[in-house]
Amino acid sequence: MHEIRFFEDTVKDWFSRALVRGSTHLYQGQEAVAVGVTAALGPGDTTTCTYRGHGTVLAQGAPLDRAFGEILGKAEGLCAGKGGSMHLTDLGVGALGSFAIVGAHLPISAGAAWAAQVQGTGAVSASFFGDGAVNIGTFHESLNLAGVWKLPVVFVIENNLYGEYSPVSTTTANTDLAGRGASYGMPGVRVDGNDVLAVREAARTAVRRARDGQGPTLLEAMTYRQSGHSRSDPGAYRPAGELESWLARDPLLVAERSARELGVSQEALDQVRERAEAEVAEAAARAQAWKDPEPDARFDHVWMAR
Ligand SMILES: Cc1ncc(C[n+]2csc(CCOP(=O)(O)OP(=O)(O)O)c2C)c(N)n1
Ligand SMILES: [Mg+2]
C-alpha cells in the first residue's frame, strides 16, 4: 500500500510539472481495495481494472520501474510505452488490462473466468470497476452470464462516492449497489474499502466460493479518492469537511493501526514505509533514465489496413 501511495504521489508530481502529457487518474485513498483483493488471489488468477488502475496492476505484482516507464512512454514500459497511464497491462502477472471505457472490461473478466472453467485450471478472475459502471449495459450482461454459468469471477465495485463530478445518489436511484447481486443470483457484500484486512477477508470468501465452483460474488468496497477525478480536477464540488473526514480514515493509517493492534512495532512499520519510499524513488529514477523509443518503433504492434 505504501508503494502504491508513493508511486501515485510521484506520478502526480510528474503530471503537475508537465513531465508527462495527457491526463492521469490517481488511486490515493483506495489502496486497500486493490491490495486486499489481490492478497486473496493466487498464481494464475487474473484481474482487469479501470483507467484508475495503477494500484491494481502494481498490487498484482507488476514491476514498479516498468509501470513508471509505461507512464513516461519509454520502450521498457509495460506496454512498450504505447498505453500510458490509463492502460497498464502485465500479462505475466495476470493483469489483463486497464480500460478507459467505463465497463468495457467486465465481459473480459467474465471471459477469462469462462476460459478457466472450460479448461479446468481452477483460476479465478477479479474485475475492479467504479460505482459509475453499475449503470452500464456490460455490468448487467456480465453479472447475469456469470450468475447463470456460475463463473469463477469476483466483481469488485470501488465505490468512491463519485463518478467524475457526480455523487452516486445523483446518477443511481438505488444506492445499495451490493444489493444488485441478488438480481443475478450471487451474494452481494458491502465492505469497508479503507480497511485492508476487511477487504481481504471478504475477498477470500468470494475467491474460495469461485474456486469451489459456486460462482461469482459482487463486492462493494466503500472508499474515497483523495485526489480529484483526473489531473485537472481540483475536486471543488466536494462538500466542506468530506475530504478531511476520509483522510482521518486513510487506508494506510487504518492498516498501521491494525498492525499495531496485532503487535507490530512502530519501528517495524516505519521501516516498511521507508523501504517502500526508497524502492519507489529508485524505480522512478531508473525509468526516467531509460531512453525514449526509436521513432521507427511507432509502427510496431500497430495493425494497419491497407
Ligand atoms: C462508456 C463511457 N462513458 C463515459 C466515459 C467518461 N468517463 C470517464 S471516467 C467516468 C466516471 C466513472 O466513474 P466511476 O465508474 O465511479 O469510476 P471512478 O473514476 O470514480 O474511479 C466517465 C463517465 C467513459 N470513459 N466511458
Ligand atoms: Mg467512482
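All residue numbers in this chain count up from 1 along the given sequence. First listed ligand is number 1; within each ligand, the first listed atom is number 1.
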Closer than 2.8 Å to the Mg ion (ligand 2) - protein N, O or S atoms, ordered by chain and residue number | D131 OD1, N160 OD1, Y162 O
Show your working on salt bridge (charged side-chain N to carboxylate O under 4.0 Å, His left out) between E31 and R5 and close with a plain yes or no.
-> CA-CA 7 Å; E31 293 91 344; R5 178 65 58 90; 2.5 Å; yes
Passing candidate, side chain to side chain donor-acceptor pair (under 3.5 Å) with S85, options H54, R52, E70, H25 | H54
Exactly which residues line ligand 1, taking a heavy atom under 4.0 Å from it as the test?
-> Y51, R52, A100, I101, V102, G130, D131, G132, A133, N160, Y162, G163, E164, H229
What orientation do W149 and W114 show, parallel under 30°, tilted 30 to 60°, or perpendicular over 60°?
-> tilted
Donor + acceptor pair across side chains of H140, Y184 (<3.5 Å) = yes
Charged N to carboxylate O below 4.0 Å: is that the case for R257 and D195?
-> no
Any donor-acceptor N or O pair under 3.5 Å, side chains N159, T223 | no
Under 3.5 Å, is there a donor-acceptor pair linking the side chains of Y27 and E158?
-> yes
Within the distance-only criterion (no hydrogens, no angle test), does the side chain of K74 pair as donor or acceptor with the backbone N or O of W290 below 3.5 angstrom?
-> yes
Nearest heavy-atom approach of L218 to F129 is CD1-CZ, 4.3 Å
